[in-house]
> 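Before I ask anything, let me first share the structure, which is written out below as structure tokens.
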Amino acid sequence: MESYHSLKQLRLDLKQEKYSLKSVVEHYLKQIEEQKHLNVFLDVYATEALAKADELQEKLDSGQPLGKLFGLVIGIKDVLVQKGYIVRSSSKILEGFESQFTGTAVQRLIDEDAIIIGAQNCDEFAMGSSNENSAFGPTLNAADNSRVPGGSSGASAVSVQAGLCMASLGSDTGGSVRQPAAFCGVVGIKPTYSRVSRYGLIAFASSFDCIGIFSNNIEDNARILEVIAGHDDYDSTVSREEVPNYADHLQINKKLKIAYLKETLENEALQSEIKEATIAKLDWLKNEGHQVEEVTFPHLEYLLPTYYILTTAEASSNLSRFDGVRYGFRAPEAHNMEIMYKLSRTQGFGEEVKRRIMLGTFVLSASYFDAYYTKAQKVRRIIRDETREMLAKYDFIVLPTTPSTAFPLGANRDNPAEMYLEDVFTVQANVSGVPAISIPNGVDAQNLPIGLQIMTDVFKETELYAFAQYLMKS
Ligand code: GLN
């Protein structure tokens with residue numbers, strides 16, 4: 001058996017009794033075992049997945065109605081909680097912690113007959129661009145094992161790339177779904193902020209965090225989003241906007257207005273092959289009769305400072321709950337309360353997480369609050385307004401997902417500022433709250449995948465998927 005590239009094909013095979021669902025799950029478990037060196041899964045739910053396969057098979061055999069995601073074998077990033085399961089955000093500080101409840105997105109997958117195969121490695125608390133900031137070791141890119149898969153949802157991208165499952169849920173605060181999707185040659189979406197409930201997603205920066213989806217193709221991605229999106233009583237920030245059946249509307253039938261940002265294509269850090277691949281797509285669109293125009297976005301240089309001031313501020317507040325008392329790890333040698341807090345946090349958090357807590361605490365401190373935090377909030381508003389204005393004039397903005405293809409393991413490990421530059425093209429969508437998707441756009445001279453990113457206005461995921469589908473078939 002081969003790993004499946006589409007849910008449609010799987011369902012067809014199951015209905016025609018080519019395979020049993022159990023043998024499909026067994027196939028993925030075998031793949032996971034055989035590719036253990038990639039370090040993708042922190043936990044594999046083998047027993048539960050096999051039992052669920054039997055249960056679902058019975059449903060099929062007895063002619064009962066099947067869920068929208070019937071049989072979909074899916075992995076979840078280790079920041080999404082499930083009742084009775086260990087979750088740790090790839091951090092030592094959550095050691096031994098077991099969730100008391102199941103998050104909304106994961107529950108909706110289960111309710112539509114998906115099979116959760118396991119919890120996937122990531123950068124600690126989703127902070128990073130290489131999956132190297134994990135307390136459980138780095139994940140390797142399946143295209144070249146000496147390279148990173150991107151981050152922070154690196155393993156969730158590799159799981160789809162390497163055929164260890166059919167899709168996965170990650171989280172995207174500044175690019176953590178789109179950047180690894182680009183590095184691994186798969187599809188990755190960050191929906192509109194507030195489209196998907198964050199209930200059960202361990203918080204990094206709450207006004208940016210979005211659950212996102214990795215898949216082999218657009219249709220599966222769209223189908224999963226229509227299942228997990230929508231109003232939720234457990235998260236008051238979720239939109240009540242109706243959720244369309246995205247996967248049933250994947251046609252483009254009009255001429256489009258498309259913008260590309262001058263500052264992205266002229267960016268010094270942009271790898272020449274990525275530039276060429278992006279221009280080639282834009283040329284193709286022009287030839288197809290669409291209106292393609294260059295637009296200038298002079299605020300590009302303010303994106304990263306704004307993102308890193310606001311997200312570290314939010315993170316320093318969100319992560320204050322990990323104190324050695326309420327969750328997981330407590331330093332064994334602590335002998336009074338203050339020392340217990342200090343030692344537990346010092347030993348429990350990794351370097352990058354501590355760096356961000358300190359940065360965030362600094363920008364929120366009384367003497368610097370206005371100079372950094374308040375100012376960054378104002379800049380965020382300007383960036384958001386200008387991005388939305390642009391998206392009122394154009395249907396889509398097309399840009400590279402990343403400045404380079406997957407870099408070697410260790411290359412940016414000692415240089416956090418260099419690592420932060422990885423996010424230069426992805427954070428605009430998070431700062432503005434708009435949806436964005438990364439799709440494969442060929443490979444470079446070393447055969448490493450290149451990603452193409454598309455942004456559109458809020459709640460236009462239907463159009464975004466349709467356009468992405470159109471470009472993937474080009
Ligand atoms: N690489 C970015 C960061 O380190 C994005 C992380 C994310 O989206 N979770 O903050």
Side-chain angles (χ1 to χ4, degrees), residues 1-33 41 43-77 80-85 99 101-120 156 159-160 163-169 196-197 199-200 211 213-234 243-248 250:
M1 186 187 296
E2 298 266 306
S3 290
Y4 276 92
H5 278 91
S6 83
L7 181 57
K8 208 181 246 166
Q9 189 60 47
L10 170 73
R11 289 179 75 135
L12 206 67
D13 287 356
L14 289 172
K15 282 193 176 149
Q16 293 176 349
E17 294 176 27
K18 192 167 168 197
Y19 302 111
S20 69
L21 194 46
K22 189 173 183 177
S23 66
V24 172
V25 171
E26 279 165 349
H27 163 80
Y28 285 106
L29 291 172
K30 190 162 160 255
Q31 293 304 309
I32 292 171
E33 189 54 39
F41 283 89
D43 294 312
V44 180
Y45 310 145
T47 317
E48 298 90 328
L50 289 167
K52 178 89 183 191
D54 280 340
E55 187 191 306
L56 292 176
Q57 184 71 48
E58 224 175 281
K59 209 169 167 177
L60 176 68
D61 295 344
S62 59
Q64 291 175 53
L66 308 179
K68 272 189 172 188
L69 303 178
F70 182 86
L72 181 82
V73 178
I74 187 164
I76 55 175
K77 183 179 181 180
L80 293 160
V81 308
Q82 231 190 310
K83 189 178 163 120
Y85 286 83
S99 177
F101 68 100
T102 298
T104 302
V106 173
Q107 187 59 51
R108 289 181 182 174
L109 294 178
I110 296 169
D111 293 345
E112 289 295 337
D113 295 343
I115 301 175
I116 316 247
I117 193 94
Q120 297 163 334
S156 305
S159 66
V160 176
L164 312 184
C165 53
M166 295 172 66
S168 49
L169 291 191
V196 179
S197 169
Y199 181 66
I211 292 180
I213 305 157
F214 293 96
S215 63
N216 285 301
N217 63 62
I218 299 293
E219 192 179 331
D220 289 357
N221 207 295
R223 194 64 78 198
I224 296 168
L225 184 62
E226 68 192 47
V227 166
I228 65 172
H231 174 69
D232 179 24
D233 285 339
Y234 295 109
V243 181
N245 286 333
Y246 303 114
D248 298 331
L250 294 177

> Under the criterion side chain to side chain contact (heavy atoms under 4.5 Å, CB included), I'd like the reasoning laid out for Phe214 against Asn221: C-alpha separation, chi angles, the key distance, then a yes or no.
CA-CA 7 Å; Phe214 293 96; Asn221 207 295; 5.8 Å; no

> What do the steps show when you test Gln120 against Ile76 for side chain to side chain contact (heavy atoms under 4.5 Å, CB included), and what is the final call?
CA-CA 6 Å; Gln120 297 163 334; Ile76 55 175; 5.5 Å; no

> Which atom pair, heavy atoms only, marks the closest approach of Tyr19 to Leu14?
O-CD2, 3.5 Å

> Only counting residues at least two apart or in another chain, list the ones meeting salt bridge (Lys or Arg N to Asp or Glu O under 4.0 Å) with Glu55.
none

> Going by salt bridge (Lys or Arg N to Asp or Glu O under 4.0 Å), name the residues that satisfy it together with Asp248, two or more places apart in sequence or in a different chain.
Arg223

> Tell me, please, which residues at least two apart from Lys30 pass side chain to side chain donor-acceptor pair (under 3.5 Å).
none

> If I take atom CD from residue Glu33 and atom CG from residue Leu164, how far apart are they, to the nearest 0.5 angstrom?
11.0 Å

> Mind running side chain to side chain contact (heavy atoms under 4.5 Å, CB included) on Ser6 and Asn217 for me, showing each step along the way?
CA-CA 7 Å; Ser6 83; Asn217 63 62; 3.4 Å; yes

> Okay, side chain of Glu226, backbone of Ala247: is any donor-acceptor separation there less than 3.5 Å?
yes

> Could I get the full list of ring pair (Phe, Tyr, Trp, His ring centres under 6.0 Å) partners for Tyr199, not counting sequence neighbours?
Phe101, Tyr234

> Using the side chain to side chain donor-acceptor pair (under 3.5 Å) rule, take Ser215 and Asp220 through it: C-alpha gap first, then chi angles, then the decisive distance, then the call.
CA-CA 6 Å; Ser215 63; Asp220 289 357; 6.0 Å; no

> For Tyr246, what residues pass the ring pair (Phe, Tyr, Trp, His ring centres under 6.0 Å) criterion, not counting sequence neighbours?
Tyr465

> Go through the structure and list residues passing side chain to side chain donor-acceptor pair (under 3.5 Å) with Tyr28, not counting sequence neighbours.
none

> Do any side-chain atoms of residues 108-119 form donor-acceptor pairs under 3.5 angstrom with protein atoms, and if so which ones, sequence neighbours left out?
from, atom 1, to, atom 2, distance (Å)
Arg108, NH1, Ile228, O, 3.3
Arg108, NH1, Ala229, O, 3.0
Arg108, NH1, Gly230, O, 3.3
Arg108, NH2, His231, O, 2.8
Asp111, OD1, Gln107, NE2, 2.9
Glu112, OE1, Lys68, N, 2.7
Asp113, OD1, Lys59, NZ, 3.2
Asp113, OD2, Lys59, NZ, 2.9
Asp113, OD2, Gly67, N, 2.8

> So, do Leu29 and Val44 sit near enough that their side-chain heavy atoms are less than 4.5 Å apart?
yes

> Roughly how far apart are Gln31 CD and Glu2 CD, rounded to 0.5 Å?
9.0 Å

> Nearest 0.5 angstrom please: His27 NE2 to Cys165 SG, how far?
10.5 Å

> Taking only residues two or more places apart in sequence, or in another chain, which ones meet Lys8 in a salt bridge (Lys or Arg N to Asp or Glu O under 4.0 Å)?
Glu219

> If you measure from CG on Leu10 to CE on Met166, what distance do you get to the nearest 0.5 Å?
5.0 Å

> Using side chain to side chain donor-acceptor pair (under 3.5 Å) as the criterion, list what pairs up with Glu48, not counting sequence neighbours.
Tyr85

> Just by distance, do the side chain of Ser168 and the backbone of Gly75 share a donor-acceptor pair under 3.5 Å?
no

> Rounded to the nearest 0.5 Å, how far does CZ of Phe41 lie from CD1 of Ile32?
4.0 Å

> Can you tell me how far CG of Asn245 sits from CG of Leu225, rounded to the nearest 0.5 angstrom?
11.0 Å

> Hey, are the side chains of Thr102 and Val81 touching, using non-hydrogen atoms and a 4.5 Å cut-off?
no

> Do Ser20 and Gln57 have side-chain N/O donor and acceptor atoms under 3.5 Å apart?
no

> Using only heavy-atom distances, determine whether the side chains of Asp232 and Ser197 contain a donor-acceptor pair under 3.5 Å.
yes

> Which residues pass the side chain to side chain donor-acceptor pair (under 3.5 Å) test with Ser62, not counting sequence neighbours?
Gln64

> Can you tell me which residue pairs pass the salt bridge (Lys or Arg N to Asp or Glu O under 4.0 Å) test with a partner in residues 14-25, sequence neighbours excluded?
Lys22-Asp54

> Search all heavy atoms of Ala49 against all heavy atoms of Val25 and return the closest pair with its distance.
CB-CG1, 3.9 Å

> Measure the shortest side-chain to side-chain distance between Met1 and Ser23 over non-hydrogen atoms and say whether it is less than 4.5 angstrom.
yes

> Apply side chain to side chain contact (heavy atoms under 4.5 Å, CB included) to residues Ile224 and Leu69 and explain how you reach the verdict.
CA-CA 7 Å; Ile224 296 168; Leu69 303 178; 4.1 Å; yes

